[in-house]
Each structure stands twice: as C-alpha cells, then as structure tokens.
A.B. asks: 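Below you'll find the structure I mean.
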Amino acid sequence: MKKLILMILMLPLSIVAQKLTVNGTVTDEETKQPLPGVVVMIKNSTKGTVTDFDGLFEIVAQKGDILVVSYIGMKKQEVVVENQNVNIQLQSDYSQLDEVVVSVGYFDVSKKDLSGSIAQVTAEQLEKNRTNSIEQMLQGQVAGVVVSESSEPGGGIAVSIRGTNSMLGGTQPLYIVDGIPIDPLTDAEGNSGSGQSQSSLSFLNPNDIEKMEVLKDAAATAVYGARGANGVIIVTTKSGGKDGGKDTFTVTVDNFVTDVIKNIDVMDGPQFEDYMNQRVINQLYVDITDPQRAGGPFDGSQALTQDNYPELATLNLPYPTSTGVNNNWQDLTYRMAFSNAYNFSYRGGDRKNNSTMSLGLQDTEGVIINTGNKRVTFNTNTRRKAFNDKIDFFTRTNVAYNTGNASSVGNSQIFQQRSVVSQALQFQPIFGLLEPGQDDDIYADLNENNILSNPYTLAKFVTDNKESFNFIQNLSVSAKLTPKLTGVLKGAFNYQKSKRDSYYPVNTTRGRRNNGEATQSFVENKKIYAETSLRYRNNFDGHRIDAILVGTLEQNNIRTMFNKGFGFGSDATTFHTFESATDVLVPIAQFREIGLLSGLFRVGYNYKGKYYVDVNARMDASSKFAENNKSAIFPSVALAWAISKEKFLEDSDAISNLKLRLSYGKTGSNPIAPYQSLALLSPIRYNFNNQLVTGYYESNLANDDLSWETTDQYNAGLDIGLFDSKVNITLDAYHKLTYDLLQNVTLPASNGFATIVDNFGEVENKGIEVGINAALFDTDEFGWSVSGNFSMNRNKLVKLNSNLEFQLGPSVGFSQANPIMFMEGQPLGIFWGAQTDGIYQDWDEAIASGIDGAAPGEIKYRNNSVSLDDNGQPLATQDINFDDYVQIGDPNPDFTAAITNNFRFGNWDMSMLFTGQKGGDIFWVDSWSLKGNQKSTNGLTSAYTDSWKAPLTVLDAELGTVSYDPAVGRTANVGNPAPLIDPGQRALVSDRQIFDGSFVRLKNINIGYTHKFNKGRSLRLYATGQNLVTWTNYPGYDPEVQTYNKDPRRRGVDFGGYPGTKTYTLGLKFNY
Amino acid sequence: MNTNFQNKFKLTHIVAFLFVLLFTSCDAVLEEEPFTQTGTDFFYQNETDALAAVTSVYAQLKDGVGYYRQQHLSNLHAASDQGASSWKHGNFRKGTIKNTDQNLPNPWKDMYKGIKDANNVIVRVAETIGMDEELQTRVLGEAKFLRALNYFNLVRCFGEVPLRTKPVQPGEEGLPVSPIADIYEVIISDFQYAAEHCWGFNEARNGYTNDIGRVTKAAAHAMLAKVYLQIASSKRTAAAGNLGNERYNVIDGTPNSYYQLAKDQCDLTIGESGYQLVSNLEDWKKIFDASNGNNSEMLFEVQGSSIVEQGTAVSNLFSPRGAGLSGGGWGGTNKFQAGFINKNIDKTDIRFQNSIVLEYQDATKSYVLNANSTGYVRTITATGKANGNLNLVYTSKYIDRNATTEYTSQQNWHIIRLADVYLMRAEAIAELNDEPSLANADLNMLRNRVGMDDFDGTGMTMEDFRTALLRERVAELSMEGHRFFDLTRMGVYHEYCTSSYGATNGARQPEDYTWPIPLIESSANANID
C-alpha cells in the first residue's frame, strides 16, 4: 500500500523533459472525434502518457522512436516519431471488444487482467442452445455451475454455483442485469400456499443476451458483498453500435416440439386386476399360516376346507372376471406439445449514438394437457455520448408479460399433496374418464374411501392461472471528469407483479368437497435502485491502477394479497367472482419493506501486466437484521501472477499464457424475511356469544443478535494457454466456509414457538473445477473445437446448532415423514432412514427376527439398534424406530461434467453438448406407493412381478376353494413386499425410496446452415434437439428434475414434479 | 489537463456531495416498521389489550388443525375403544404409536402455543398498571384456566412433559420433562385461581360482561373435580398394581383424599348458578343441537360459529359423509365399531339409542340402522336394491345441517358438561365409602330424566360398580372425548380395547397409557432424549 501511494506521488515526476517534445492528437477514425484517455507509450521503454479530453498528448521522445498507441476497443497502432506533430486515427477493433472485456461488477476489465475466478459465456455459445430460459442456456457451459431442469413452461429453474452453503439462502446466485441487481420473480401464493418461484430471469428474452459472466470466487463476488455468497451472474444484453454504424434487423423463428422423455411402466388393466386378486390370496395365506392363529396355523399338510379354515368362507376375489377397462393415465394426461417463438430486433447507430429495440413473442405448450405459458418481452435501449463525448447517457427499458396455466401441477402440494404427475402413476387403469355430471366420488369404493382424483380431470378442469408483469427502467449518466476519473450516476426502477388465480370445479374431488374452491392472489414488488460511483484509472511506467468507489441504495416495497372462497353455486364464473361464493375466507395481506445500503471501495493494481493485486472493501447494511447488527464489512484480496510474461517463459512456443491466481474474501447473505429480529404480536380471531373478537398473540420471538450469514472463501486458480492460446485450460480449487448460517432453527415446540430465524452453524464446501477448451482445427473451410468442464464439490455440515448435533429437515410427502437429516460431520441434507434386507420369506424367518410386525411378505428392516430392557437385556420384541435409522443416501453429486464439440464445415455448423453427473441420490416420494404393494392404487409393473407371492392356487373363487401349491409361490429372494389387504409397516422412510441420480445425457445437439447474402445479410437455418438421449438407472422420469429445486433444505427430492421432457426445435435466423 | 481543473473540481464536488447525500438520507431505509403486526412493547397497557391478549389464548384452542379444531379429537377417539378414526390412525387402532406418528406433532405444538400465550397473559397482564382490578384478576383467571386445561391434556396424553410457566426468552433452551407431581401442582393451583377469580355465566361487573363462551367459576370447579378424580383413580389403580398408572405414585396423598376433593368440587360446581340439567329426553337430545351451543348443561365449550373461519370440523369428523348432516369434506372418520357396541356399551340404553344416526342418505344410497344397532343396511336409492352392510354406526351428537364445508360447523366442542359432574360425584362418593349404592342418587338423576329406570348399587362389589359406572359414563358421554381418559385412569385400557378390537389389535401395554413425546420435540430439545 505504501508503495502505491509513493507511486501516485511520483506521478508528475515520471514525465521528464528529454530531447524532442512531440505534440499529437488521437481521434476516432469513424466519428472523427478526439479520444481522451488513450495510452501512448514509447516502444521498448516504460515511458508513456495519456491523452486529455481533447485527444491531445505531449511526450518527449527521440526521433525514430516508435509510439505505441492503444485504447480499449481500438486496434493498436504504431507510429514512428519524425517531427513534433503527430496525428493518429484509431480504428475500431470489434473482435477485441467482444472477447476481451469482462464485466466484474460495476465496471468492465480486460480479461487478461482478471485476478478472480470469472467465467464468461458469450452470445455465440449461447446461440447454440435454443432454449426457452436464460438459466438453461448456462447448462454445461461453466465449471462449477449446476443448472437444474424444469420442464414446466415458465417454471422455476435453479442454479447453483459451487455447491450449497446455506439453509435459507437457497443456492440461487445474485443476478445482475445490465448493472442492476434483480429480485427473482416469485409466483403469488397459490392454493394450499404452494407458491413456487419462477425462472428468475423469465422476463428476459434469451435472444437479447450479449454475454453472461459467472463470478465464482470471493475476489470476484465480494464486489457484491452482501449477496455474493452464492456467486453472481452478470447478464449483459445486446446493444447497438457494434457494427460501425450499420443498421441490423434480425428475425428469428423457432418451432419446438416437446415430449416426455419416457413413460413409467405401471400396471395395465389386466395386471392391476391380477394384483388386486393377489392381495386377497396373499392375505388369506398370511392369516391361515399365522402361528398365533386360533385353531393352529396351516403348515401345508392340513386339508384346506372351510371347516378347518373359516377364513376361506370370506375368500372373495374382487376381479374374478376382468372389467375390460384399460386406461394408461400417462397417455391420457400427457401430450406432445407444440410451441413457437418469434423474435424481432433492430440494432443500429455508432458508438456515440445507438439504439436497440427488440420484441419477443413466445407461446409454449406444456406436455401436461391444459398447461402452457405465453410471453411477450420488449426491450429497448439508447445510448448517447454527449458534450464532446464526456457525458454518456444511457437508458434501458425492459417490459415483460407472462401468462399461463399451471393446471395444479405447480408442485406436489396441491391436491391432497399429490400432483397430477403422482396421480397419473397411481390412478387405477381400470377406471374410465368421468361422464358429464359425474365426479370423483365414483372412484371412492375402490380407493377404500380415500378419494383420488383422476389425473385427467385434475389437469383438464382445474384452473391455475399465473400471470406476471415486469418492468425495469434504467437510467445512467456517466461523466468523464478527467481522462482518468469517471463518475457514474445510475438509477433504476423495477416493478413486478405476479398474480395467481385458481379454481377447482365440482367434478374434481377437492372442488366437490368444498363445492367449488377459488383463490385470487398477487404479489407486487416495487424496487428503487440508486448507484453512484467514481472510477479512477491511471497508467504510468508499467503501473496500472484502477480504483473505484461505489455507493448503492436499494429499497423494496413488497405487498401481497391472498383471497380464498368456496361454496360456489356453479362453476360458471370460476375464480372471477367471490360474490357467488357462500364462504369467503379472511383475506391475508402482507406489506413488507426492505432496505439495503452499500458502499464499496476497490483498488486494482498491476505492474506490467505481470503482477496483480486487487483489494476490495465493501460495507453493507440491511434493514432485516437486529438494531445493532445491521451492517457488516466484506473485504477481499486477490493476487495474480502472469508467469508467462516472465522472461523464462516469454519465448516459449508451447505456453502462450500462464497465470496463477490466489484470492481470499468474505461475502454475506441476508435471505430472510424482514422483521425477524423484532418481538411481534399478530392478530388472531375467536368468537364469544357468536360475536367475532380479535386477540393478539406473540407470533415472533425477538432476536437481538440476528445478523449476516457470512462466507469465507479461498480460491487458487491457474489459467493456462497453450499453442498460441489454441488450447486454454482453467483450473480452480476453492474452500468455502459459511458461518453464522441463517436458519429456521427448529425450537422445541414446548417453547411455544416452532421455529426462530437465527444465526447458527457452519457449512463447508470445497472443490475443484477444470475448464478446457481447444480449437483443434480452425481453417476457413473447417473448424472443430472442443470444450469441457468438470467440477467436484464436497459439502459438509461442520456445526449445526448450539446444542444439537442433528436436526431433521422438513417433512416430505403426504405422511409427514422426515427423510432429510442435517447432521454434523455429514453432507448437507442427507437422507436418513431404515435399511432394508429384502422381504421376509415365511413366518419362521419373520418370528426369528424378533421384530414387531414382522410377517411373511413384509419388508425386512434392519434392526441396527437393539432395544434393551431395564436390566440391559434385549427386549423380546424389537421395534424398528428412529434409533435404527442410518444414512441411506446423499443428494450431493460426486462430480458433474460437460463436453461440447463444435464443428464448422463451410456453411454448416454443428454442436453437441453432453452433460453428466455421478452420484447425487434421489428420494423418489412416489416410489413409496408405487413399490409398496400396500394399497389399491396402481404401482410399478416391476414391483408387482417381483413381489412376494403366496403358494396358493384358487380353484373356485365363488366356492372359496383353494389348493396349496408350492410351485406357484414366490417367497424367496423377491424384491418387493407382498400385495396385501392389511399390510404391515411399509411407509417407513427406507433405502427403498433412494435411487442413484447418476446420468449422462446428450443435452443439446444443434445443426445449422448459414447462407450469406451480399451486404452482410445472412440466413441461418437450424435444428436443435434437447435431452434427446439419457443414460441413467433412475427409474423416475428424469434425474435432473427436482421438485423443491430452490429449497436447499429439501434437495434431491422427486415428488410428482413435472416429468422430464425432450425438445426438438426447427428454426431460422435472418439478419438484414 | 490544467485547463479543466476548475471544471473537474466542481464535478467531483457534486459527486462527493451525492455520496454524502446517499448515506445520510438512508438511515430511514434501515429502520423496520412492520405494518401488519405490532410490537410487544406497546401492548398490555389497558383493559382492551388485556382482553385481546386473553382472547388469543382461547383462539389457540381451535386455531391450528392440531387441537380442538380437528386432530386432537380424532386422536382421543382413535385411542379409545369406541372405534377407528381416519386411515392415518392405524397405529392408534393397534396401540403401536411411535414418536414419529404423524398425528402427534400438531396437537403437541398447538397445546404449547396456547400455553405460551397464557404465560404471556399471566405475567404481563399482572404487571399492567391501573386497569380495573376485577377484570384484571378475571383475565388472569381465564388465562390460568386455559393453561391448566392445556397441561391437563398434555399430562393425560403424554405423561411427563416440559413444564413452562413463564414467557420463553430468546435463546432459551428447551426444558426437560417434569415429574407429573409438579405438573399437577400447576394445574391445580391454576384451576383454583380460576375458580376463585372467574365470574359467573354471562355475569356483568363494573361495566364488563363475562361473555358467553368465557371461562366461568363453575367450569373451573368442574375441571378441578376432573383433575382430582383423575389423580384419585389413577393412584388407586396404580396401588392395585396397574403399571400404566405407576407414574401417579409420585403424587402425595391417598386416593381417598383426592376422591374427597373431587366430591367437594362437584358440590361447588352444582351449587353455582347458571347451569342445570334438562329434565326430559326431548330436551336432552337438543343439548347437542348445533344451534344450541352454550346451553345450560355446558360448563365449558370450545366455540364454533358460522362466522367466517370460526367454524370447527367437529360435525364433519363425527357425522356421515355426503349426507347433508355435516357439510362437505371427507368426514365421517370417527364412528362406533360393532365390537364396541356389542360389548362395551349398553346398546339398549336410551341415551345411546338417542345419540346415534338411525338412518341417512347420500347421493346414491340409503342407510338404515340394522336390528342389532351395529351398522347400517345399505340400499341403492334409485333401484331399491340391497347393497351390502356398513359395519359402523355414527353418533348424532354433532350433526350440523347448515355447515357448508368441513371447517364451517358451528358445533361447539364440549370440554366439560354438567352431567359429567354428577357422574364424577357418583364415582367419588362410592369410592370414598366403598359403597356403590351411594352413587344411586346422582346416577338416577341422569337416568330418570331420559325415562330410564333406577340404577341400584346396593350389594354390588366395587369391581362390578366400576364396570357399571363406566357403562353409565359412556352411555351419557360417548364420543365426547372422555373415553380414553376414563379407560386409562380406571386401569382397564387393555381389557376394554381387547374386548372391542380383539386380542391382536386391542392389546395395550402399560407404556400405551400415554403417547410418546413426538420426535419433532425430542430432536430439537437437547434436554429430552
């Protein structure tokens, strides 16, 4: 630091008079305007200067010296000094603009000057993935970035960078769009409170993206201190003025065909009837062979007569003859979906004055009938360099409107906590569709009074409309105060409103129960953003300083409303009016205000492009924390050494670039609702004497210590460029420790509060990332490049709580089971449950186990903890309970990898992206019933064909005569429990619900043909396939689809989420 | 460069000024002002606040689905011998309830929420300066009554539980469980305070009214009687070797001392004005009418109402589904099973015969009670064809024809009613003197008014008397949430459940007398294993 100050002080001394004083001007060849801030150096020396506002410079040189004139975005020029006056015109260098500049936050730097771990994805790469969402465009592109899949039109996609380090914070990175931090758009609360967040960037048109930067390490993310802990993704949209004043008009047309990846093999009609009959037969056998049976058990030798076994009198096969009905509910509920998208954009102007306009229209159908999403996006931006190029005015407007129907498939908590997808698998194939006037009650008998809705009715008739509107207006003024000092004032206003309305008509079970049920809800978020910054840049004697001082203010004003009514006279008006409802519940309103105030000081220094030091200090203050804990300081420091610029490597043919990067930094997170630190009372209602009265109860316990969640991150990286940078390798290793975790700490319920938000615990993430890209061939005719990335993250809960070593996660599924465990020393959110060892063969084996409820055909749970009596002796009857549970799975993948091949042959191009993951267990909630054989609902064909079967043959179902036939029995080495009327414990959380989520998939393949017309016009025709082939052992729909993909406390859970899909696209892009 | 100095200086000045502006004007940005809630500091200042605070304790009785609004009622039913409840209650039916049981967390949480709110009232309203003293002690009495009710439920359902009597402080750990002696001490002193300071039915003092639905003096006496009788009979059976009630040995005193206290409290209850038994069968049937809440037999009820969101699921849970008797919904989960009717209740008892649904119809079928009163004969309405039997019987105590959905019943839940006080007194007097005939007067009061002949305990053994008393109690109080507690305190839980469910499903062990503390508590509370 001291050295730095010394250098600044000595600045004026560095230009010392010598032989010839050269005066010159530098102008832009295109605009004829003078260029301030241009670096003029004497070649092979450290002498140099910078042009002033009028493009003038003065330098002392010798005749014959060569002046090197360079400026970002311009081609470098060399001029020989001949006399005292030099006039230099610089030409734009577009390639340099596209490739070199990397946005690190509040400003851009040259990529070679990077000291942090930042990955950039450019439009050319993004172009190949013709997907509907921006997050999906990142799939497989950047090491360390995992993008989950969501096939629901407009559905939420989760992105995680370098693992999970938070409980409440989610894994979502901070998105910065054109310099403005964006709040993820969330759905308004739906029925049963099932609000799901949408795709965070659903308001952006993928075609408008210029580039995206992913900030991974602390040196990079610390710029956004308060919210950088999950990484930062900076999105820059296209702007005009890049093509030297030329007007460009681009049209793209895409047609998508989408289909489910596969259907799951569940029983068909005849198989299901056979299964139902087998339940009765198995039950009879288990009952009569029970050693406890009054009258003695059947052992194979007795005559099977009604006299001996009165049980036979009630033998009653439900389907002695087939119903002949055979419906595949997946076929009825899913469809091939057709979607299309149109984009029109205009870009034009030069670097001084330019503008962009773009309109995107998209109509997406979902593969579940009656679902879809329509979107309109409109973006415009205008830039004007005024007042002699000193002041830069910039305005951007972004408008988006989304509307669609989710048809009760949103997530799995909608209908009796079972979604359309769960129902499509479990609903009985021997039922038909409803006739007009019928309702789901006709299914009640078979379902043993648990009424199920048929999935077709649910999907077809339930309305769940989502609508969202997003408006962002962004204004910025940037002034060149001096050639070295730039000031920026920026302001933005963001208005988001999303609405959600639903209606359950009376032909659905839920609607019938409440005689029609409707909700109306909205969430509105108004945000004001203000930023001011001062940036100082200077070069002298090989020293380069880039310092910035930033202040920002963000204020959110959020308002929500939820209304629910039922008892509708008819379905005619659906959710549109509550006047027709007999019961309208008390509306629930929320008003929230959140403020964030930040200041940042950053100094970047390098010497001759060899040695880099970046120092960063940021102060953040958030309204959400306790009075004295609102602010925190997040510092970072990064060092880099461009080894390849040292003498010993300078002349190496093989190594063109070698750079070592080291960084350390702190980042924070404040992902909680406001007001959590205050002791608060909430209203509650009761009635006396049939009159309503309002009371107040303590609803929130004060927490005076509530403060920031903080992450310490170390990163070491190596950038290697080989063979003239044809091969580039980036290696990174990191260690993150997140502490003071913000958690919904589960309090002992006996305290009267179920949870409190508090800072507790530590999570560690460490990993390595490798990114490689190689241009194998690059001739005019043929090009082949390969890029790949590999990342491995290890995650550990170091400390959970002040006094607990483990804590159960939230319940998953319909029976309030808690399969997720947070345990110290273990990865975050492992699966915890019983181990199983197959199926009990017979009563001998069952009784020998000593386990309560053991019986032939039941699941053999492992009794890991032997219960003892008061004398320390094992109890005669052992229970399978929580003490017997162990880790049965881990949702964290061992590693993920991706490989892209790009080919170019004449006018043809092709790219192929493979992605894969090893490990990452999935808890498939539906497998409980699909593999359990315990209910009268449908299940997996494989679970029935490989189930325990009694050695009995029915001779005459009417007369109740059976014969003992060991040959038909299947009791040993079976994989699944017996279908029974009255089954034992089958709803325990066990390893039977855990599946390996490893996969390799052809994520994307794109083939295009480009025809170039004259005057730069071109037409590109292309075909794209998404998720065409998947290799996996996961029996559910898709190993990448996760139900609670934004909830870090429930990772790796598949609970009737939207089925995975594959998409074919045909499209064209025309540039005029 | 120098030429621009002046200009530059001004501009930097402006930017610097803006920085300063940004930071100074922004302090307000960090202040939090919740609009939809209120801070505790500004509360508990006057009469209105005190009333609002105690209202919340009442409201917690039926706010969540876990307590008197729904789940607790099904749990109590399913734990008894009367019959099965929902499909979620399989382990209740078989007596194999684990600490992971899905029916336990919500009631547990809801009871303790009520206790938390009561503690806040008890501590903070006591500190409120300058409020009407009569009202202040009444509000404290109400809060103490409700806290005691919650603990009484906890101790009877779960045994030893954490005993928290002060507002929880931020950062405080979970408490270990307390011996039941300590818990009962709080319950008794709370009910005693309530008996002393609560007002009469609809009584007005100093311009304030004890609104209908609030705790009354009589209700507090009745609950005290119930507590003493619970202790007395549990101690008696524990002394006789019942291991399920062994934990009551830690409470000092003889069973008879508690029978005496119970009897005294019954006398005090009956001596209070505002309540009386109805005098004939027709009126007896009406005390269960949905529109006849808070009638003269009801000492304390959880209030249901047709006001938006003030309804209960009581009607829905106990009445047949889809028959226009209970609003919409799944419903009809809590019903009598044939084994109970045949063996554990006198099915000819007029009170039983007049508190069950004799016939009903749903959309497609008609149901008529069979000759044995153990189920319904089902016919398809349109064709008149027989459609098999339904082997269960519904109570008619909670019918509400005006309910629209499962949560809109105005049926109150009767926590304690006057008939129970007579039954308790009959039991206490007989036990005190080992003389069954002393129960005659009170039992006959209840029998005669519905047209039944006299009960005469003369010459009965105490063992026979207790069996007869349980039959009297269940005939009068079936499906009112007392049965599980009666069977356990009398030490006959195993016996009656096996009689109703058979040897396998009905088997009950001493540990089944209470339910395990739910895993959500023990996994979050370092002081409970």
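Numbers restart at 1 for each chain; the letters A, B, ... are given by sequence-line order, proteins then strands. Because only heavy atoms are used, hydrogens play no part in the values below, and waters and symmetry mates are left out as well, while side chains stay in.
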A.B. asks: Taking side chain as everything from C-beta outward and backbone as N, CA, C, O, which of these in L585(A) sits under 4.5 Å from a heavy atom of chain B? Side chain, backbone, both or neither.
C.D. replies: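 It is both, since atoms from each part get that close.
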A.B. asks: Measuring heavy-atom distances to chain B, does D883(A) have an atom under 4.5 Å in its side chain, in its backbone, in both, or in neither?
C.D. replies: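 Contact with chain B: none, neither part.
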A.B. asks: With a 4.5 angstrom heavy-atom cut-off, which part of E627(A) approaches chain B: side chain, backbone, both or neither?
C.D. replies: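 Contact with chain B: side chain only.
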A.B. asks: Name the region of L678(A), side chain, backbone, both or neither, that has any atom closer than 4.5 Å to a heavy atom of chain B.
C.D. replies: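 Just the side chain, heavy atoms under 4.5 Å.
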A.B. asks: Does the pair T312(B) and Y407(B) meet the rule for a side-chain contact (heavy atoms from CB on, under 4.5 Å), with working shown?
C.D. replies: CA-CA 5 Å; T312(B) 61; Y407(B) 290 118; over 6 Å; no
A.B. asks: Look at R214(B), K62(B), Q60(B), M111(B) and state which one has the largest set of heavy-atom pairs under 4.5 Å with chain A.
C.D. replies: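 Ranked by heavy-atom pairs under 4.5 Å with chain A, first place is R214(B).
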A.B. asks: Is it true that T333(B) and S86(B) share a donor-acceptor pair across their side chains at a distance under 3.5 Å?
C.D. replies: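 No - no donor-acceptor pair under 3.5 Å links their side chains.
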A.B. asks: With respect to chain A, which residue among K109(B), E521(B), K94(B) yields the maximal number of heavy-atom pairs within a distance under 4.5 Å?
C.D. replies: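 Counting heavy-atom pairs under 4.5 Å, the top option is E521(B).
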A.B. asks: Roughly how far apart are T552(A) OG1 and E531(A) CD, rounded to 0.5 Å?
C.D. replies: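 Between T552(A) OG1 and E531(A) CD, I get 7.0 Å after rounding to 0.5 Å.
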A.B. asks: Does F760(A) offer a backbone N or O that forms a donor-acceptor pair with the side chain of D758(A) under 3.5 Å?
C.D. replies: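 It does not hold such a pair.
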A.B. asks: Measuring heavy-atom distances to chain B, does Q691(A) have an atom under 4.5 Å in its side chain, in its backbone, in both, or in neither?
C.D. replies: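 For Q691(A), the backbone is the part near chain B, not the side chain.
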A.B. asks: Picking from G595(A), G752(A), P748(A), A621(A), which has the most non-hydrogen pairs under 4.5 angstrom with chain B?
C.D. replies: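 That would be P748(A).
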A.B. asks: Of the listed residues (N881(A), L692(A), N703(A)), which shares the most heavy-atom pairs with chain B below a 4.5 Å separation?
C.D. replies: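 Option with the greatest count: L692(A).
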A.B. asks: Check each atom of I307(B) against the heavy atoms of chain A and say whether the ones under 4.5 Å are side chain, backbone, both or neither.
C.D. replies: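 Only the side chain of I307(B) comes within 4.5 Å of chain A.
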A.B. asks: When you measure from the centre of the six-membered ring of Y675(A), is the NZ or CZ of K624(A) closer than 6.0 Å and no more than 45° off the axis?
C.D. replies: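 Negative - K624(A) is either too far from the ring of Y675(A) or too far off its axis.
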A.B. asks: Distance check, rounded to the nearest 0.5 Å: L549(A) atom CG versus S533(A) atom OG?
C.D. replies: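 That separation rounds to 8.5 Å.
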A.B. asks: What I want to find out is whether K116(B) reaches E698(A) closely enough, with some N-O distance under 4.0 Å, to be called a salt bridge.
C.D. replies: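 The answer is no: the pair does not qualify as a salt bridge.
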A.B. asks: Write down the atom of W108(B), the atom of P162(B), and the distance for their closest heavy-atom approach.
C.D. replies: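 Looking at all heavy atoms of both residues, the shortest contact is CH2-CD, 3.9 Å.
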A.B. asks: Examine R124(B) relative to F43(B) and say whether NZ or CZ is less than 6.0 Å from the centre of the six-membered ring and inside a 45° cone about the ring axis.
C.D. replies: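 The answer is no; the distance or angle limit is not met.
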A.B. asks: Pick one of side chain, backbone, both or neither for V177(B), based on which atoms fall under 4.5 Å of a heavy atom in chain A.
C.D. replies: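 Contact with chain A: none, neither part.
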A.B. asks: Judged by atom type as modelled, is there a donor-acceptor pair below 3.5 Å linking the side chain of K630(A) to the main-chain atoms of F625(A)?
C.D. replies: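 Checking the backbone N and O of F625(A) against the side chain of K630(A), a donor-acceptor pair under 3.5 Å is found.
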A.B. asks: For D117(B), is it the side chain, the backbone, both, or neither that has a heavy atom closer than 4.5 Å to a heavy atom of chain A?
C.D. replies: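 Only the side chain of D117(B) comes within 4.5 Å of chain A.
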A.B. asks: Between R164(B) and chain A, which part of the residue has a heavy atom less than 4.5 Å away: side chain, backbone, both or neither?
C.D. replies: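 When you check distances to chain A, only side chain atoms of R164(B) fall under 4.5 Å.
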A.B. asks: Considering only heavy atoms, which portion of L519(B) lies under 4.5 Å from any heavy atom of chain A: side chain, backbone, both, or neither?
C.D. replies: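 Side chain only.
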A.B. asks: Does any backbone or side-chain atom of S622(A) lie under 4.5 Å from a heavy atom of chain B? Answer side chain, backbone, both or neither.
C.D. replies: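 The backbone, not the side chain.
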A.B. asks: Pick one of side chain, backbone, both or neither for P683(A), based on which atoms fall under 4.5 Å of a heavy atom in chain B.
C.D. replies: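 Looking at P683(A), just its side chain touches chain B.
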A.B. asks: With chain B as the partner, which of L988(A), L701(A), L747(A) has the greatest number of non-hydrogen pairs under 4.5 Å?
C.D. replies: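 Ranked by contacts with chain B, first place is L701(A).
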A.B. asks: Side chain from CB out, backbone as N, CA, C, O: work out which of these in K98(B) comes under 4.5 Å of a heavy atom of chain A, or both, or neither.
C.D. replies: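 For K98(B), the contact with chain A is made by the side chain alone.
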A.B. asks: Taking D110(B) for its side chain and L61(B) for its backbone only, find out whether a donor-acceptor pair lies under 3.5 Å.
C.D. replies: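 Looks like no, no N/O pair under 3.5 Å.
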A.B. asks: Which atoms of D704(A) come close to chain B, meaning under 4.5 Å heavy atom to heavy atom: side chain ones, backbone ones, both, or neither?
C.D. replies: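 No part of D704(A) comes within 4.5 Å of chain B.
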A.B. asks: Any donor-acceptor pair under 3.5 Å linking the side chain of E172(B) with the backbone of Q169(B)?
C.D. replies: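 Yes, E172(B) side chain to Q169(B) backbone: donor-acceptor pair under 3.5 Å.
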A.B. asks: Heavy-atom distances under 4.5 Å only: say whether F882(A) touches chain B with side chain, backbone, both or neither.
C.D. replies: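 For F882(A), the side chain is the part near chain B, not the backbone.
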A.B. asks: Among F806(A), F753(A), F688(A), who wins on heavy-atom pairs under 4.5 Å with chain B?
C.D. replies: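 Heavy-atom pairs under 4.5 Å are most numerous for F688(A).
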A.B. asks: For T694(A), is it the side chain, the backbone, both or neither that has a heavy atom under 4.5 Å from a heavy atom of chain B?
C.D. replies: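 For T694(A), the contact with chain B is made by the backbone alone.
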A.B. asks: Determine whether the side chains of E142(B) and Y58(B) contain a donor N or O and an acceptor N or O closer than 3.5 Å.
C.D. replies: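 Yes, because at least one side-chain N or O of E142(B) sits under 3.5 Å from a partner of the opposite role on Y58(B).
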A.B. asks: Report which part of N515(A) has an atom under 4.5 Å of a heavy atom belonging to chain B: side chain, backbone, both, or neither.
C.D. replies: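 Contact with chain B: none, neither part.
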A.B. asks: If you tally heavy-atom pairs under 4.5 Å against chain B, which of A754(A), G695(A), S699(A) wins?
C.D. replies: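 Top option by heavy-atom pairs under 4.5 Å: G695(A).
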A.B. asks: Testing the 3.5 Å rule here: is there a donor-acceptor pair between the side chains of T877(A) and D852(A)?
C.D. replies: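 No donor-acceptor contact under 3.5 Å links the two side chains.
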A.B. asks: Looking at every non-hydrogen atom in both residues, tell me the closest pair between F566(A) and E517(A) and how far apart they are.
C.D. replies: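 Shortest heavy-atom separation between F566(A) and E517(A) comes out as CB-CA, 4.1 Å.
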A.B. asks: Chain A heavy atoms under 4.5 Å from T408(B): which part of the residue, side chain, backbone, both or neither?
C.D. replies: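 The answer is the side chain of T408(B).
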